[in-house]
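All chains are named by letter (A, B, ...) in the order of the sequence lines, taking the proteins before the strands, and each is independently numbered beginning at 1.
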Protein chains: 2
Amino acid sequence: MKRIFLLITLLSSINSFSQTDEQVIREIYTQSLTNGKSYEWLDHLSNQIGGRLSGSLNAEKAVAYTKAELEKLGLDKVWLQSVMVPKWVRGAKEFAYIETAPSGFGTKKTTNVNICALGGSIATPAMGLKANIVEVKNFEELEVLGKENIEGKIVFYNRPMQPDVISTFEAYGGCVNQRYMGAVEAAKYGAVGVIVRSMNLRLDDLPHTGSMTYDDLPVNKRIPSAAISTNDAELLSSMLKLDKSLKFYFKQNCKQLDDVLSHNVIGEITGSEFPNEYIIVGGHLDSWDLGDGSHDDGAGVVQSMDVLRLLKESGIKPKRSIRVVLFMNEENGLRGGNKYAEVAKQKGENHIFALESDAGGFTPRGFSFDCNDASFNQILSWKPLFKPYFIHYFERGGSGADVGPLKSSTNVLAGLRPDSQRYFDHHHAANDTFEHVNKRELELGAATMTSLIYLFDKYGVNPISNDEQIKD
Amino acid sequence: MKRIFLLITLLSSINSFSQTDEQVIREIYTQSLTNGKSYEWLDHLSNQIGGRLSGSLNAEKAVAYTKAELEKLGLDKVWLQSVMVPKWVRGAKEFAYIETAPSGFGTKKTTNVNICALGGSIATPAMGLKANIVEVKNFEELEVLGKENIEGKIVFYNRPMQPDVISTFEAYGGCVNQRYMGAVEAAKYGAVGVIVRSMNLRLDDLPHTGSMTYDDLPVNKRIPSAAISTNDAELLSSMLKLDKSLKFYFKQNCKQLDDVLSHNVIGEITGSEFPNEYIIVGGHLDSWDLGDGSHDDGAGVVQSMDVLRLLKESGIKPKRSIRVVLFMNEENGLRGGNKYAEVAKQKGENHIFALESDAGGFTPRGFSFDCNDASFNQILSWKPLFKPYFIHYFERGGSGADVGPLKSSTNVLAGLRPDSQRYFDHHHAANDTFEHVNKRELELGAATMTSLIYLFDKYGVNPISNDEQIKD
């Protein structure tokens, strides 16, 4: 009997490093695809709560809901972390039209177009704003035109996302300064308003909102800024080619209120061996208000919640402390991400690894990593474990806005990289809704994240020492 | 002057093998993403023509439309290849319900469910068919139940696609014998009809059709066969658990008519150096009738058409003869694929490479290859060229049904492998429609296919000889 026991022990220990990891990861994927909770949670967040702009009632509902759901999971701790957030409200729906004077007698002709205020913008005057409009592709063109051609006019930024850039995030990066800094730049030349082509690779009728800044512009220099749908940007541009003297009218009713109290939601499984080494996984709980924020970033929220649940369901007892962090206010302030890092620093918490999912709930392709060479080599050694799941993208690059403030010289930050070809069809627009998230793709993402968290928990952030290899 | 010319010549020749290929492939992607025609063609095929079942008027419209469009491209030849195809018609929409007798007095209760006839099935009797129904998961269960439990009843095959299988095509492969052979197997035990759970990973209300066979069953032994939606399969299963004596009623009006004349559509750019070496790219022009066949296989058709156009637009003059072949009757007969191979054999045409796109118009991930070791090693050497486009999947495996008959010991067959996590949500169902195909993803697929065709044209199918390296 004893001999049989010894034989079993021996056989178990022969079980190589990679075999065991393969089995654990297979179990994680099976759990997520047959017993996942992410889709059910997303249904609630999207369809029972809806858009969750920082400071809104819905954002607070989302805090309460996710906290309650995390409490059901039997984690070691669940708590709220207070953070003051900006509160910007859209008010009544925006309205805009292009006005052309017909040649000869007759009345003026107006054509309605689809716009939405940019997050952080001021309202137009109560009667709306009507002015000539001048189209530019970039800030250099503004400079060439100068004050004499811009003063008193609306500036129309119409540089499209480049379709031939394969990474849609890179194409977005090539355009988004128009939206974020457009008002500051246009105001220098006396512009009275800003209309920005929506950051969307498709031609459709939906305006896409997003954050903008006034930087240090004095209040009396601030000008209202809105996004226009890509179809209407094309229309406006073609009409301007025929008639430079046409007028653009828009009215928006948004307002920046005082900051209000909100919360990050945090849950923790405390580590059994190294409780003072923290690994976090998260997404952001706030969203824009036009859709229900299913891809941005309901998906990341529910996937992150399911990471901790899937670890438990797969029978994994973490050695390190694993936290899910649902950040508040990524979209228009990053207050939650900054607060989390500030508190972590105050407490001297050693965050060895942080993973963010904030690129949509599409089929996962891999991760991008912000780390040193040694860590990246360690990560690359895990790549074969992911091949059966078609996870192939392991590259260095950015991680995520919320986890960024945790950066140190030794830790690893990472971002989930789903297929993002359709992401900007929905990003910050009214069609970022639940029916555009596929259950199976969402669950594959949650499993992929859980598998990486499992590996970081097991092996830590440094290259594997002989001790660790023997121990496992 | 002469020295400068020499210097330029020298610099050009330093331009390494991979540099040049990188530039060409970059140009192909740019062309497809900024100047592609695939989406416009798909819009017409889907929205102006619609579902294209073999032998239907729509199928002939699709033949005429694609031939006319290919003729506009300035190819060297465009022609139709005659092929006789089966003609099966659905007739009036199907109708089905579950009937339970309430305990005690009262009337029978009926619950309508969503079904559709399987392609190739006979109709029910004109009054419909009502019988007890017995649920099984596989053919082995049929054998255990035996004739005494099956005779006179409807057999309900309810083995779901396995959600934890990562490749959805593999999950499909694990279920589809219920649909294809279900009637033959059930008829052995005296069953009077077959109801099959739809091949769909989602729970929804759409029945998914697809081909079935009666093999060599005599006409009087054939039994009507239909697919039921996944939601209704779940409902029926749960009702059967409560009441094994419930009855199932269905009525369908389909009919197999005589074969009719149809066509493959073929276009060719004749090779400048090796015109007798043929490379083909194709998809299938026919589709099922419930949706408009946008993913299956309108996408493959328009991508294949665009391959030849993109080669021209990118300034590539093929050394070998490149053909686009739009096959008729992949879905319920494969007559087009067989005919093309038969004619190629008669003419002694040397088909060195054949690529099929028939797995949906989703983001491309790579290819699977049916070839010998030497060819596969050659293909793997090209893999780095595709990395900038996130194309990573280069594996051995099946190619495509239509190109399969061209297989030889030396040639290479391949299938485009798009992301297929959502494919079976739409496959053979009423929601296989244009709005579920994303323009950008479709165009990325066309560019990926064109790039591979470019490489096979340039290097041929055998490992690169020193001669070829010097020549290029």
Per-residue contact mode, [X] against chain A (heavy atom under 4.5 angstrom):
X	result
Glu27(B)	neither
Ser32(B)	neither
Phe362(B)	neither
Glu441(B)	side chain
Tyr393(B)	side chain

Measure the OG-CZ distance between Ser420(B) and Phe390(A) for me, rounded to the nearest 0.5 Å.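 Separation between the atoms: 7.0 Å.
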Do [X] and [Y] make a side-chain contact, defined as non-hydrogen atoms from C-beta onward lying under 4.5 Å apart?
X	Y	result
His392(A)	Lys387(B)	no
Ile166(B)	Leu444(A)	yes
Thr363(B)	Arg365(A)	yes
Gln421(A)	Lys439(B)	no
Glu443(B)	Asp164(A)	no

Flag yes if more than 12 heavy atoms outside Lys383(A) fall under 6.0 Å of its NZ atom; otherwise flag no.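 Yes - once you tally the heavy atoms of other residues, nucleotides and ligands closer than 6.0 Å, there are more than 12.
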May I ask you to name which of Asp425(A), Asp419(A), Thr34(A) has the most heavy-atom pairs under 4.5 Å with chain B?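 Answer, by heavy-atom pair count under 4.5 Å with chain B: Asp419(A).
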Do the side chain of Arg440(A) and the main chain of Pro163(B) share a donor and acceptor less than 3.5 angstrom apart?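 Between the backbone of Pro163(B) and the side chain of Arg440(A) there is a qualifying donor-acceptor contact (under 3.5 Å).
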Is it the case that the side chain of Arg202(A) and the backbone of Asn438(B) share a donor-acceptor pair, with hydrogens and angles ignored and the cut-off at 3.5 Å?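 Judged by distance alone, no pair lies under 3.5 Å.
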